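Worksheet for the structure shown next.
Heads up: numbering here begins at 1 and tracks the sequence. Small disclaimer: the values here were computed from a predicted structure and weren't measured.
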Amino acid sequence: QVQLVESGGGLVQAGDSLTLSCTVSGLDFSRYTMAWFRQVPGKEREFVCTIRWSDNSPYYGDSVLGRFRISRDNAKNTVYLQMNSLKPEDTAIYYCAAKGPDSRGFYTNDERMNHWGSGTLVTVSS
């Protein structure tokens, strides 16, 4: 059974930093491209960033480029999202997602992802 479990969400102030984690089980993590998406209730899910399984190359959405950093630890089956200079508009439920195995390229469309976590809430106050 595949499981993706996000953690690290919470309430922070604008300008603060926060790191999310997503621990994966039930699949060969090292062969999966991982991604973070976010969603505000009532709005469409938004691509945040992704990290490719083959070379750890990252790709970021425009709204987080330069502020967020994605990384992964294959030994721990975990992907991280370090979020800096947080803004109120970053408030959302953050979801971890996996695409694979052995996928090619970057995936920014949530419909292409194979597995999802249940999300963790990040609230940024002004």
Side-chain angles (χ1 to χ4, degrees):
Q1 181 181 0
V2 177
Q3 285 191 315
L4 286 71
V5 180
E6 301 95 338
S7 61
L11 173 63
V12 297
Q13 293 186 334
D16 284 353
S17 297
L18 195 64
T19 298
L20 305 183
S21 301
C22 172
T23 301
V24 180
S25 60
L27 53 77
D28 188 349
F29 180 78
S30 65
R31 295 170 60 194
Y32 277 73
T33 286
M34 300 300 298
W36 288 94
F37 291 80
R38 66 187 182 186
Q39 188 170 26
V40 175
K43 295 188 177 182
E44 292 186 355
R45 191 150 46 190
E46 177 191 11
F47 167 75
V48 176
C49 57
T50 184
I51 185 166
R52 204 157 52 187
W53 71 273
S54 55
D55 58 3
N56 285 347
S57 292
Y59 182 78
Y60 297 92
D62 291 341
S63 61
V64 306
L65 183 63
R67 299 188 298 122
F68 289 12
R69 180 176 179 271
I70 188 171
S71 61
R72 65 190 296 160
D73 185 339
N74 289 345
K76 295 183 178 179
N77 285 7
T78 299
V79 61
Y80 303 97
L81 179 62
Q82 181 179 345
M83 305 183 291
N84 301 317
S85 303
L86 282 161
K87 304 175 182 180
E89 51 263 45
D90 293 319
T91 295
I93 300 172
Y94 282 73
Y95 296 92
C96 171
K99 173 67 177 178
D102 305 333
S103 55
R104 294 185 176 185
F106 292 114
Y107 293 87
T108 63
N109 187 333
D110 60 352
E111 295 181 357
R112 302 290 301 277
M113 308 306 290
N114 299 125
H115 305 285
W116 289 89
S118 59
T120 185
L121 176 63
V122 174
T123 304
V124 184
S125 64
S126 58

Next item on the list: Measure the CE-CG distance between Met83 and Leu18 for me, rounded to the nearest 0.5 Å.
Entry: 4.0 Å
Check: Are Ile70 and Trp53 connected in the hydrophobic side-chain network, where two residues link if heavy atoms are under 4.5 Å apart?
Finding: no
Check: How long is the span from the CG atom in Leu86 to the OG1 atom in Thr91, to the nearest 0.5 Å?
Finding: 8.5 Å
Check: Do Arg52 and Phe106 meet the cation-pi criteria used here (NZ or CZ under 6.0 Å from the six-membered ring centre, within 45° of the axis)?
Finding: yes
Margin query: Can you tell me how the ring of Phe37 sits relative to the ring of Phe47, calling it parallel under 30°, perpendicular over 60° and tilted otherwise?
Written below: perpendicular
Check: Hey, what do you get for OG (Ser30) to CG (Asn77), rounding to the nearest 0.5 Å?
Finding: 8.0 Å
Checklist line | Lys/Arg cation over aromatic Phe29: Arg72, 6.0 Å, 45° cone | finding: yes
Check: Is Val79 reachable from Leu20 through a run of hydrophobic residues whose side-chain heavy atoms are each under 4.5 Å from the next?
Finding: yes
Item checked: Worked check of side chain to side chain contact (heavy atoms under 4.5 Å, CB included) between Trp36 and Cys96 -> CA-CA 5 Å; Trp36 288 94; Cys96 171; 4.1 Å; yes
Note to self: Using side-chain heavy atoms (C-beta onward) and a distance below 4.5 Å, is Pro101 in contact with Asp28?
What the structure shows: no
Next item on the list: Could you grab the distance from atom OG of Ser63 to atom CZ of Phe68, nearest 0.5 Å is fine?
Entry: 7.5 Å
Checklist line | Any donor-acceptor pair under 3.5 Å from Asp73 side chain to Thr78 backbone | finding: no
Notebook entry, point to check: Taking all non-hydrogen atoms of both residues, which atom of Ile51 and which atom of Ser71 are closest, and how far apart?
Noted result: CD1-CA, 3.9 Å
Next item on the list: Rounded to the nearest 0.5 Å, what's the gap from CZ on Arg67 to SG on Cys49? Could you check?
Entry: 11.0 Å
Next item on the list: Give a yes or no answer on whether the side chain of Glu6 reaches the backbone of Thr120 with a donor-acceptor pair at less than 3.5 Å.
Entry: no
Next item on the list: Write down the atom of Val12, the atom of Ser17, and the distance for their closest heavy-atom approach.
Entry: CG1-O, 4.5 Å
Item checked: Main-chain N/O of Met34 paired with Thr50 side-chain donor or acceptor, under 3.5 Å -> yes
Note to self: Could you report the tightest heavy-atom contact between Ser126 and Ala14, atom names first, then the distance?
What the structure shows: CA-CB, 4.3 Å
Check: Nearest heavy-atom pair of Gly9 and Val122: which atoms, and what distance?
Finding: CA-CG2, 4.1 Å
Next item on the list: Indicate if Leu4 and Val48 have the same hydrophobic cluster label, given that clusters are the connected sets of ILVMFWY residues with side-chain heavy-atom separations under 4.5 angstrom.
Entry: yes
Checklist line | CZ on Arg38 to CD on Glu46, rounded to 0.5 Å | finding: 4.0 Å
Check: Can you get from Tyr60 to Tyr80 by hopping between Ile, Leu, Val, Met, Phe, Trp and Tyr side chains that sit under 4.5 Å apart?
Finding: no
Notebook entry, point to check: Are Val124 and Leu65 linked, directly or through other ILVMFWY residues, by side chains that come within less than 4.5 angstrom of each other?
Noted result: yes
Margin query: Tell me the closest heavy-atom pair linking Ala98 and Tyr32, and the distance in Å.
Written below: CB-CD2, 3.9 Å
Note to self: If I compare all heavy atoms of Gln39 with all of Lys43, which pair ends up nearest, and what's the gap?
What the structure shows: NE2-O, 2.9 Å
